[in-house]
Amino acid sequence: MKMSKKNKKKKIGRPFAPLYLAACVVLRPIWKLKYNLKIDNSAMKGDKGPALVLGQHLSNYDHIITGLTLFPRRPNFVASEHFLLKPALRFVFRIMHVITKKMFCADVPAILNMMRAKAEGNTIVLFPEGRLPANGMSAPVTAGTAELVKKLGINVYLLRGEGTYKTFPKWGNKARKGKISIRTERLFSAEELKTLTVKEIGEKLDLAFVHDDETSLPDVVYRSKDTTAGLDGILWKCPECGAEGTLVTGKSKIVCPCGMEASLGENWRLTGSRFARVNEWYLWQREELWNGNESLETDCVIGTPDEKGNLIPDAGQGRMKIDKETFTLTGTLLGEELSVAMPLDKLGGFPVTVGQHVDIYDKNRLLYLYPTPDPRTSMRWVAWLDRYHTV
């Protein structure tokens, strides 16, 4: 991919040093004390050239944790474009020289910007699973990652985390205190990449990113006043009576009107349930959903950015459907008719805000889809599509 002379002149730069370094100096001891954060970045010691750091995506705070781990390096983060919907974050992204990317889309400008960052000798941080899984389990490495690694041709490191999801579960409303362990490992050297095929690189990446944070650090207790608040955002089916949408969570319990009552301990183990762990429950209901539903269909409210880039959460209404071939969305958006059809092979996954919406891009336009009448059903769409990609 050749860059024009105009594009070559564009610089990426590095995060604004005074703000970035001050934030790390202040936050590092706080996080070590508050969340028992343990960091081992010895794998990158002495690496002076450009580098690519691939992070496991386990929590909403992974960018902060990564920055603290790589300190005093000032890396260029590659982050989802949807963060720009928040005006305050646009300013932060600009002064921190963040490279934005559309999720689950071919994004040539993002690749060009990573190539520029490499040419400037920078460290690039990318979360190649493409989204934050809601249950702390690995998602597939997105298509094209191996090709990107080969093209960049620089030292590649894995940032491996343990306990991050258990401290900051995506479905939870409060952090827990136990332990977070972060370490870097070198996956490829620049010299190795010259001889490896894209297929070989992809196979190694796939193995490196297999994780289930729920089973990590098994002897650590994660203190919380309410271990299950928000858990009904990812659990929807009662294993005793089979009812869906009846589960009530809170006070560290999961309850169904049928009489089923389970508890989640601070050791992340379930009692009173046929399942020992939350993810066993989640995977069971995913299989049940897939086996019993050739398709999913629901009404939805549609959100999208306005001309200034600010989110309009109720910009339209529609009906979304997914079957084993196609995802479709029909309705109206900003007063105009909307019709979207995507082959599932082109739809790698649904980014999700638990209990609220899933996201898609239609011709480079970001759409937030809020299922109605119960937005908690958004996770069923995530689970259904994830199951499709495991067949």
Side-chain angles (χ1 to χ4, degrees), residues 20 23-47 51-75 77-79 123-129 131-139 141 155-172 174-188 204-225 227 264-270 276-280 282:
Y20 188 88
C24 286
V25 168
V26 171
L27 288 178
R28 214 175 191 207
I30 291 175
W31 277 57
K32 286 184 176 182
L33 179 64
K34 188 173 183 179
Y35 300 117
N36 196 12
L37 174 64
K38 309 294 183 184
I39 293 173
D40 178 3
N41 190 23
S42 56
M44 297 188 71
K45 187 177 181 179
D47 188 331
L52 175 64
V53 176
L54 301 177
Q56 295 176 325
H57 211 352
L58 299 171
S59 82
N60 283 318
Y61 296 91
D62 289 341
H63 294 84
I64 294 175
I65 293 171
T66 301
L68 299 181
T69 300
L70 300 182
F71 177 79
R73 289 174 181 255
R74 290 181 289 138
F77 285 93
V78 181
T123 298
I124 305 163
V125 175
L126 174 69
F127 295 93
E129 291 164 281
R131 60 169 175 170
L132 169 58
N135 61 351
M137 297 182 69
S138 53
V141 173
N155 292 341
V156 180
Y157 297 88
L158 171 68
L159 195 145
R160 189 180 297 280
E162 293 182 292
T164 310
Y165 160 78
K166 292 202 284 190
T167 301
F168 306 110
K170 183 171 181 176
W171 47 263
K174 289 186 179 179
R176 300 115 196 271
K177 182 174 180 180
K179 181 180 180 181
I180 299 174
S181 176
I182 306 293
R183 68 180 185 276
T184 52
E185 305 169 4
R186 190 160 81 170
L187 283 180
F188 307 101
K204 188 169 182 178
L205 288 174
D206 288 338
L207 287 174
F209 275 84
V210 173
H211 62 265
D212 181 353
D213 199 53
E214 191 181 30
T215 62
S216 66
L217 305 175
D219 298 325
V220 177
V221 170
Y222 288 80
R223 295 195 296 277
S224 173
K225 292 182 179 180
T227 60
L264 180 62
E266 291 182 331
N267 59 0
W268 275 87
R269 291 181 179 85
L270 289 167
R277 296 187 180 276
V278 170
N279 279 341
E280 292 177 17
Y282 177 82

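Position 1 is the first residue of the sequence; numbering continues from there. Not measured: the values here are computed from a predicted model.
To the nearest 0.5 Å, the span separating CG on N135 from CZ on R277 amounts to 13.0 Å. Taken to the nearest 0.5 Å, the CZ atom of R269 stands 11.0 Å off from the CG atom of L264. If you take CG on L58 and CZ on R160, they are separated by 10.0 Å, rounding to the nearest 0.5 Å. Summarising the geometry, atom CG belonging to L205 is positioned 6.5 Å from atom CG belonging to L54; distances are rounded to the nearest 0.5 Å. Atom CD of E185 is separated from atom OH of Y157 by 12.0 Å, given to the nearest 0.5 angstrom. Distance check: F168 CZ to R176 CZ gives 11.0 Å after rounding to the nearest 0.5 Å.
With sequence neighbours left out, the side-chain hydrogen bond (donor to acceptor under 3.5 Å, both in side chains) criterion links E214 to N279. Residues satisfying the side chain to side chain contact (heavy atoms under 4.5 Å, CB included) criterion with K38, sequence neighbours excluded, are N36, K179. With sequence neighbours excluded, no residue satisfies salt bridge (Lys or Arg N to Asp or Glu O under 4.0 Å) with R74. For T123, the side-chain hydrogen bond (donor to acceptor under 3.5 Å, both in side chains) partners are R73, not counting sequence neighbours. Residues passing the side chain to side chain contact (heavy atoms under 4.5 Å, CB included) test with V25, sequence neighbours excluded: F71. Scored by the side chain to side chain contact (heavy atoms under 4.5 Å, CB included) test, K34 finds no partners at all (sequence neighbours excluded). In this view, V78 and I99, K101, M114, I124, L126 satisfy the side chain to side chain contact (heavy atoms under 4.5 Å, CB included) rule, not counting sequence neighbours. When the ring pair (Phe, Tyr, Trp, His ring centres under 6.0 Å) test is applied to Y20, no partner is found at least two apart in sequence or on another chain. By the ring pair (Phe, Tyr, Trp, His ring centres under 6.0 Å) test, H211 is found to be paired with no residue, residues two or more places apart in sequence or in another chain being considered. T167 pairs by the side-chain hydrogen bond (donor to acceptor under 3.5 Å, both in side chains) definition with nothing, not counting sequence neighbours. Annotation: side-chain hydrogen bond (donor to acceptor under 3.5 Å, both in side chains) contacts of D213 (sequence neighbours excluded): S216.
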Discussion item. I'd like to know whether F77 forms a side-chain contact (heavy atoms from CB on, under 4.5 Å) with D62, so could you lay out the CA-CA distance, the side-chain angles of the two residues, the decisive distance to 0.1 Å, and finally the verdict.
Written reply: CA-CA 11 Å; F77 285 93; D62 289 341; over 6 Å; no
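When each of D219, T215, V220 is paired with L217, the side chain to side chain contact (heavy atoms under 4.5 Å, CB included) condition holds for V220 and for no other. With respect to L37, the side chain to side chain contact (heavy atoms under 4.5 Å, CB included) criterion is satisfied by exactly one of L27, L68, I30: L68.
With a 4.5 Å cut-off on side-chain heavy atoms, Y222 and E266 do not count as touching. Annotation: side chain of T164 is not in contact with side chain of Q56 (no heavy-atom distance under 4.5 Å). Looking at heavy atoms from C-beta onward, V125 lies in side-chain contact with L70 at the 4.5 angstrom threshold. Contact check for P169 versus W268: side-chain heavy atoms found under the 4.5 Å cut-off. Counting heavy atoms from C-beta on, the side chains of I39 and R28 come closer than 4.5 Å. Y61 places a side-chain heavy atom less than 4.5 Å from the side chain of W31.
Among all heavy-atom pairs drawn from G161 and I182, the shortest one is CA-CD1, 3.6 Å. Across A51 and M44, no two heavy atoms sit closer than the pair CB-CE, 4.3 Å. In terms of heavy atoms, F127 sits closest to G55 at CD2-O, 3.2 Å. In plain terms, the two heavy atoms of P128 and F209 that are nearest each other are CG-CZ, 3.4 Å. The shortest heavy-atom contact between C24 and P29 is O-CD, 4.3 Å. When all heavy atoms of S138 and V210 are compared, the pair lying nearest together is OG-CA, 3.6 Å.
Residue pairs that meet the salt bridge (charged side-chain N to carboxylate O under 4.0 Å, His left out) test with at least one member in residues 161-170, sequence neighbours left out, are E162-R183.
Checking side-chain atoms of K174 against main-chain N and O of S224 turns up no donor-acceptor pair under 3.5 Å.
N41 and T184 are linked by a side-chain donor-acceptor pair at a separation below 3.5 angstrom, with hydrogens and angles left out of the test.
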